[in-house]
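By convention in this document, chain letters (A, B, ...) are assigned in the order of the sequence lines, proteins followed by strands, and residues within each chain are numbered from 1.
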2 protein chains.
Amino acid sequence: MTRRERLRAETAAEIKSVALKLMYEGGPGAISLRAIAREMGMTAGAIYGYFDTRDDLITALIADLYNAFADTLDAARAAEPEDDPAARIIAHGLAFRRWAIDYPAEFRLVYGDPLPDYQPPEQSPAIEAEQRLCKGVADMVAAAWPRAAAMYAKDDFSWDDFTSVLAGLIREWHPELPPAGVALCLRVWGRLHGLVALEVYGHLRPHVTDPTKHYLAELHDLVRSLGL
Amino acid sequence: MTRRERLRAETAAEIKSVALKLMYEGGPGAISLRAIAREMGMTAGAIYGYFDTRDDLITALIADLYNAFADTLDAARAAEPEDDPAARIIAHGLAFRRWAIDYPAEFRLVYGDPLPDYQPPEQSPAIEAEQRLCKGVADMVAAAWPRAAAMYAKDDFSWDDFTSVLAGLIREWHPELPPAGVALCLRVWGRLHGLVALEVYGHLRPHVTDPTKHYLAELHDLVRSLGL
DNA sequence: AAACTTTCTACACGGCGTTCACTACCAACA
DNA sequence: TGTTGGTAGTGAACGCCGTGTAGAAAGTTT
């Protein structure tokens with residue numbers, strides 16, 4: 001790696017980190033090329049040497065955040081014993097909410113649509129991180145499947161209900177999981193997501209005094225509905 | 001109502017409807033005072049005679065949409081027999097998803113954060129619509145409560161777990177519902193919301209061929225978990 | 001017809017993403 | 001070592017944006 005390449009990579013990294021700093025301080029709307037450049041003592045145009053467009057920068061940020069987020073969740077699960085699926089699910093869920101509440105701007109960037117007219121590209125690098133997250137959920141459901149199968153195995157799903165990408169990955173990770181189990185994964189994901197999304201966007205606060213308590217209750221319901 | 005007031009109300013309504021039209025065509029980011037004015041043959045400044053600021057206009061739009069949305073859900077539930085709570089829940093859920101998928105920009109406006117730096121006001125008129133939606137969910141849970149109570153009545157909730165506003169409303173609507181039932185309402189809301197939010201923001205499409213099928217399965221799970 | 005109120009325009013300010021011609025500068029080659 | 005070529009960055013411009021303000025035009029009231 002030549003000196004030039006190193007400097008170039010450092011500048012690109014600085015652009016991203018300054019963008020994150022701006023987002024911490026002023027929400028996703030505070031990410032502007034001009035503000036980033038100002039903060040770095042540059043001109044806005046200079047950033048175009050590193051990212052073709054503002055959306056490309058956002059896309060790179062999302063991928064970074066999503067991966068860091070997946071790391072967090074992986075770690076949270078790994079901290080619980082492997083033979084206690086229920087504990088792992090609850091740890092995962094709480095870590096998910098913790099991250100969303102502590103870093104709402106990041107959550108909006110990854111799971112929402114905070115920049116107007118921003119169109120996530122077809123083949124986003126964030127998809128890889130999303131697949132990591134899917135794997136996490138799949139691990140949990142697979143661990144619970146021996147008990148959950150009784151309730152869900154008769155669900156009418158086939159491999160055609162998933163994109164070939166997902167079907168391929170799941171069969172590689174957990175060959176024992178039937179289509180009904182994969183469908184269950186997605187529903188579990190949705191269930192983990194629902195209350196947190198409502199809370200982050202301010203729809204729980206007007207009704208509830210302690211959102212954590214309700215989310216924990218939902219996690220317990222979830223664990224119960226998996227037969228654990 | 002004087003002629004002036006009528007004209008004024010008409011203009012305000014036209015501003016909102018043009019804003020909606022722009023949003024249909026170009027997403028929430030296409031709502032700009034200048035574009036609205038251009039479309040109406042006016043100047044941007046003129047709009048300030050009707051709304052103090054762009055955010056006020058957005059707030060009014062959200063309230064309108066949220067109310068229309070609540071109407072839709074109310075109607076969907078009312079179309080099913082009153083003594084069939086399961087059918088009502090499923091009808092409500094499907095109508096919810098239908099609306100979200102058919103009008104994604106509206107969904108983002110109501111449940112997301114589509115305009116950067118837009119801060120929902122403390123006492124938004126949308127809260128009233130949200131309470132209507134809460135009532136809808138509460139109606140469904142209350143109808144299911146006779147069967148669901150066995151599973152959830154022992155949950156450790158009290159009236160202190162809700163804001164006094166919500167607690168007051170619920171006790172007025174459904175005096176028979178205990179705190180555990182109200183908590184269940186919120187979790188049901190979250191569950192209805194989760195998969196739909198993921199889908200609207202494009203997180204389901206890369207994994208799933210027919211989102212409706214999975215959402216319907218989730219609704220059936222939900223109904224089952226309510227003992228219906 | 002005069003006085004007053006409401007409505008809207010014209011213009012300005014600063015901020016935005018993006019483009020483009022141009023200038024420093026650094027690295028390698030003669 | 002001196003020259004050359006690519007690279008990083010500038011600065012001005014374009015057309016957007018929300019938001020104010022001063023003043024004109026139109027309608028309403030007396």
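Scanning residues 12-22 of chain B for heavy-atom distances under 4.0 Å to DNA chain C yields an empty list. Listed by residue number, the members of residues 48-56 of chain B with any heavy atom below 4.0 angstrom from DNA chain D are Tyr48(B), Thr53(B), Arg54(B).
Counting to the nearest Å, the P atom of dG9(D) and the CG atom of Leu33(A) are 14 Å from each other. The interatomic distance linking Arg34(B) (CZ) with dG20(D) (P) rounds to 13 Å, in whole Å. When rounded to the nearest whole Å, the span between CD1 of Ile47(B) and C1' of dC17(D) equals 13 Å. To the nearest angstrom, C1' of dT5(C) lies 13 Å from CD of Glu5(B). Remark: C1' of dG14(C) and CZ of Arg38(A) are 10 Å apart, rounded to the nearest angstrom. With rounding to whole Å, Met40(A) atom CE is found 8 Å from dG9(D) atom P. Atom-to-atom, CZ of Arg8(B) to C1' of dT5(C) comes out at 12 Å; the value is rounded to the nearest Å. As a whole-Å value, the separation of Met42(B) CE from dA10(C) C1' is 15 Å.
Aromatic pair His220(B)/Tyr215(B): centroids not less than 6.0 angstrom apart. In this structure, the ring of Tyr201(A) has its center no less than 6.0 angstrom from the ring center of His193(B).
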* **Leu195(A)/Trp189(B) under side-chain contact (heavy atoms from CB on, under 4.5 Å): CA gap, chis, key distance, verdict** => CA-CA 8 Å; Leu195(A) 275 180; Trp189(B) 184 22; over 6 Å; no
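No side-chain donor from either of His92(A) and Asp74(A) sits under 3.5 Å from a side-chain acceptor of the other. In the model, Tyr118(B) has a side-chain atom that pairs as donor or acceptor with a side-chain atom of Thr59(B) under 3.5 Å.
Under the rule for a side-chain contact (heavy atoms from CB on, under 4.5 Å), the partners of Arg4(A) that lie at least two apart in sequence or sit in another chain are Thr2(A). Contacts of Phe96(B) classified as ring-ring contact (aromatic ring centres under 6.0 Å, His included), with partners at least two apart in sequence or in another chain: Phe69(B). Not a single side-chain hydrogen bond (donor to acceptor under 3.5 Å, both in side chains) links Thr11(A) to another residue, sequence neighbours left out. For Asp221(B), the side-chain hydrogen bond (donor to acceptor under 3.5 Å, both in side chains) partners at least two apart in sequence or on another chain are Arg187(A), Arg224(B). Considering only residues two or more places apart in sequence or on other chains, Asp52(A) meets the side-chain hydrogen bond (donor to acceptor under 3.5 Å, both in side chains) condition with none of them. Take Glu130(B) and apply the side-chain hydrogen bond (donor to acceptor under 3.5 Å, both in side chains) test, not counting sequence neighbours, and it matches His203(A), His207(A), Tyr66(B).
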Which donor-acceptor pairs under 3.5 Å do the side chains of residues 23-47 of chain A make with protein atoms, sequence neighbours left out?
from     : atom 1 : to        : atom 2 : distance (Å)
Tyr24(A) : OH     : Glu106(A) : OE2    : 3.3
Ser32(A) : OG     : Ala35(A)  : N      : 3.0
Glu39(A) : OE2    : Lys21(A)  : NZ     : 2.3

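Checked for salt-bridge contact, Asp139(B) and Arg88(B) miss the test: no charged N lies under 4.0 Å from a carboxylate O.
A pairwise comparison of heavy atoms in Thr163(A) and Arg205(B) identifies CG2-O, 3.7 Å as the closest pair. In plain terms, the two heavy atoms of Ala138(A) and Ile170(A) that are nearest each other are CB-CD1, 3.9 Å.
Around the CZ atom of Phe51(A), the shell of radius 6.0 Å holds more than 12 heavy atoms that belong to other residues, nucleotides or ligands.
Taking only side-chain atoms of Ala46(B), from C-beta outward, the nucleotide of dG17(C), dG18(D), dC8(C) with the closest atom is dC8(C).
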* Structure fact -> Per-nt protein contacts along nucleotides 25-30 of chain D (heavy atom under 4.0 Å; B base, S backbone sugar-phosphate only, - none) come out as ---S--
Identify each atom pair where a protein N or O and an N or O of nucleotides 20-24 of chain C are less than 3.5 Å apart, giving names and distance.
none

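Comparing the axis of the opening five pairs of the helix from dA1(C)-dT30(D) to dA30(C)-dT1(D) with that of the closing five pairs yields an angle of 10°, rounded to 10°.
Counting non-hydrogen atoms under 4.0 angstrom, Thr43(A) reaches a base of the nucleic acid.
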